Amino acid sequence: MVARRISPTPNALQEGTGMSRYSAAEIEPKWQKAWDEAGVFHAERTADKPKYYVLEMFPYPSGRIHIGHVRNYTMGDVVARYKMATGHNVLHPMGFDAFGMPAENAAMANGGHPKDWTYSNIDTMVAQMKPLGFSLDWTRMFATCDPEYYGQQQALFLDFLEKGLVYRKNAVVNWDPVDMTVLANEQVEDGRGWRSGALVERRELTQWFFKISDYSDELLSALDTLDNWPAKVKTMQANWIGKSRGLQFAFSLIDAPHGHDRVEVYTTRPDTLMGASFVGISPDHPLAKDLEKSSPEVAAFCEKARQGGTTEEALEKAEKLGFDTGLKVRHPFDTAWELPVYIANFILMDYGTGAIFGCPGHDERDHEFATKYGLPIIDTFLPTEGDHDIQAAPFVPTKSEKVRYTRLIAGDEVQTGDEAVNAAVDFCEKNGVGHGVTKFRLRDWGLSRQRYWGCPIPVVHCDACGVVPEKKENLPVQLPDDVSFDIPGNPLDRHPTWRDVPCPSCGKPARRETDTMDTFVDSSWYFARFTAPRADTPTDLTEAEYWMNVDQYIGGIEHAILHLLYSRFFARAMHICGHLPETAKEPFDALFTQGMVTHAIYQTTGTDGRPVYHYPEEVVLANVGGKQRAFLRENVELWMKSEGVSSEDDPLFTAAVAEALIGTEVTIIPSAKMSKSKNNVVDPVQIISQYGADTARWFVLSDSPPERDVEWTASGAEAASKHLARVYRLAAELTDGEADTAGSDEQLLREMHKTIKDVTLGIDSFGFNAAIAKLYGFTNTIAKSKAGVVAKRMAIKTLAQLMSPMTPHLSEEIWQTLGGEGLITEAPWPQADESMLIEDTVTLPIQVNGKRRGEIDVPKDMDKAEVEKLALATDAVQRALDGAQPKKVIVVPGRIVNVVM
RNA sequence: GCCCGCGUGGUGGAAUGGUAGACACAGGGGACUUAAAAUCCCUAGGCUUUGAUGCCGUGCCGGUUCGAGUCCGGCCGCGGGUACCA
């Protein structure tokens, strides 16, 4: 945008203070350069200010930034800049969570190397982020795929191994029998591999695990100390950890087949033991595996039961299948009572003991199973009042509810489930039937991934020495570059020169571990690495002690459980190994979960029957009869050309849309999380290049509360830009001077102090949209004010300061125009003068029976009786009372009057 | 399936249990201009009415309260997570 192209004569204002029209393109690079030269965002330890560490969850380098990134990082930037203005030494770093599957998928789909794809994406995204003017210390940037980073991660792994925090055991994975490869959960669609279409099997592999379960109790109880975390996140984590008290005991097997004389089970409902009707074991249970060897039927069933994905959702939703082994166990309280043993597909070896007893009367799943296989359904308790048809549906009240026991094990006949469970555990222990056990739902964290693009696990397998840790001086164990992705599977596995190495212990030929680490490992300690990103140990304790904890962490709610729980575990583990101070065991002091930016997904069906996803810009939307329809843009353009239709307003176009004659219709899936794989990401670059960074920043913060999801629409960007131009103009035109009017100055300054207070509160509480609304209001006040130049100058300078966390470039420009000292970025935050906030009178709404009927203006400190008298005297109340006496009058001072009739 | 959220005008949304709809977008009307752009002003939940008054109204049903968008119970819808997407 070129200012004043038409009028060649620059006015005095232009010569003196810059341009008279707002031009982001000219302002923004100028101030970014100024900040850069002054090094204002470079973080260093200092004793003279309190430190403040702001961190937004770092991005995956998917290719280009999307509007969700802009929203997320702008929020963090507002906090960082605000804290800087309030006298803090701020650390605000940025990096990339750069390992993961999309890079390998890209290599498979388009050739090339995951490394090149990833670093090129990072370059692009950094280039897109820099013009946004974030207050980031770019000197600290790293990507988790940098050997310097993952080498230190390998060092951490070795330390964890030494401390017994890592171990190996078997665990199931999704196995694609056609591609002969392990699939991620998202690569399993309806139980089939996404590329091969083959039925997925669950297969056991030996894998590495972090012993997070040792910390279950601590991770649970420490949630109470996280006062500045959202309650919902703490609830989700508490439920996920899932502490429960139950009974572990054994059923004795009749005839002890294959040497198994008992089946160990765990139950959280021992009070329902008298309602048992079967015992279920996992297809991976040792007993099932032994039976499988001698029985083709069992083998066939187990094969079928192992089909399908490994997710909890898939298991829960899958049709419940059982196989009667013909084996029987004895009921512990009645040795004559025999229960059948079933192998069932919904029992996972990972949970509890891999075996359960089924109580169909009080469990949905068991009920479904019993009904299907004709097993008895026995109640053990019923409602205290009324009846319940247990055959038709299970009776499953919450454990805190009182029920009446019909087959009581211990305790009172009428008691709550919780009481009954405790009584039953005590009774069983006394009678030698098992023992009470506290269990956690939380399982150990499997970190092995059978993939190339991840951090290599630094161990070597030696026939003589077993699993041998790599020597620290040999770290990093670097990924080899010469790999190809033309065949499915892990290229490390078929890379002999990388894989075959001498044993670090005995020197004989051995093999490297070819599994790499889960990418959650990468993101579980990056916050600590940012405190000393170039250290030649995982952290530098001096730096970590100074900068940790993260004072404000900002990220998506989708990370509420896994990432945030793993990070909490990692901080503890790092402390044990001396990489973090004790005080950093809970690494995030405050957490804010911002909402996601959602967008419709546009989907068509490809020739192979699989869904094809289209970018928003590839789709033409048309509104026909109030219904939105979508078509592929290339089709539409061809059609328009061939029909000679030039505009979408043409009736011919509308008619053709109604009949879907303009090409492939696109299915619109509304409001979904922006996801690279669904192509529903919105590119903010256009908004930035058209209106500038400040407009984009202002725009993503206004109108919607930060914690809520927003459906993306660009309809407000122009308005945001107009507003910023208006603020700019207010400042630029101020020098013209205006006459003072008595009282106007004070009125404006009172409004200014109120705005300072409101905006400060808004920023402190993440109410950015509300703060922006106040700033709109204050801008209007200034524009209409008759105050003199001095007061107005002060008001506009304050406005610029209050806006500076959101629109830093514009604010700097105004600050400079109005003669502010130094950079606004380094200027102290304005303080509200309390004496200017006091109001003498207050407007009280008057309600009659809770409905507003009028209002009165009264002095702020008028006593209740007086207020009541005035309120009753108002026309509205008199009319409503119609001569009657009110029953009651409620006066809430400074708030409201309610007359009850 | 299970766990956690969310639901307010045409739209985004505001509202410590106390005037529902602040602020903004789109809309309608007007001023300025030869014209346009830019800018400024007015208007705006629904129904009813000339207008005032009035009635209805925060997903649905019920409850607590002088008073409920807000608290409680039950539904419906949508979103997130569900341990190998990150």
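Predicted, not measured: the structure shown is a model, and the values here were computed from it.
- The glycosidic torsion of B:G17 lies more than 90° away from 0, placing the base in the anti range.
- Between B:A86, B:C40, B:U39, one nucleotide has an atom nearer to the side chain of A:R726 than all others, and that is B:C40.
- A ring-centre distance under 6.0 Å is found for A:W698 and A:Y776.
- In this pair, A:Y22 and A:Y728 present their aromatic rings tilted. The plane angle is within the 30 to 60° band.
- Pairing of B:U82, defined by two Watson-Crick or G-U wobble distances under 3.5 Å, is identified with B:G1.
- Phosphate contact (OP1/OP2 of B:A14, side-chain N/O of A:N769, threshold under 4.0 Å): present.
- In this model, a donor atom of one side chain and an acceptor atom of the other lie less than 3.5 Å apart for A:S213 and A:D444.
- Between A:N780 and B:A24 there is a side-chain polar atom (N or O) within less than 4.0 angstrom of OP1 or OP2.
- Remark: A:K851 is not in phosphate contact with B:A68, judged by side-chain N or O atoms under 4.0 Å from OP1 or OP2.
- Remark: the A:N174 side chain and the A:T310 side chain contain an N/O donor-acceptor pair separated by less than 3.5 Å.
- Heavy-atom nearest nucleotides on RNA chain B were determined for A:K317 and for A:A184, and the one closer to the 5' end corresponds to A:K317.
- Proximity note for A:D703 (side chain, C-beta onward) versus B:U82, B:G12, B:G18: the nearest is B:G12.
- Note on A:T235: every side-chain N or O is 4.0 Å or more away from OP1 and OP2 of B:C4.
- Between A:R895 and B:G67 there is no side-chain polar atom (N or O) within less than 4.0 angstrom of OP1 or OP2.
- Remark: C1' of B:G80 and CE of A:M57 are 13 Å apart, rounded to the nearest angstrom.
- Taking the six-membered ring where the residue is Trp, the centroids of A:F209 and A:W445 are separated by 6.0 Å or more.
- Dashed line: the shortest gap from a side-chain N or O of A:N898 to OP1 or OP2 of B:G18 is not under 4.0 Å.
- Residue A:N239 has no polar side-chain atom (N or O) positioned under 4.0 Å from OP1 or OP2 of B:C2.
- Within the 4.0 Å cut-off from OP1 or OP2 of B:C6, not a single side-chain nitrogen or oxygen of A:R708 is found.
- In this entry B:U19 has no Watson-Crick or G-U wobble partner, no candidate having both defining distances under 3.5 Å.
- Base engagement by A:L442 is indicated by at least one non-hydrogen atom pair under 4.0 Å involving a base atom.
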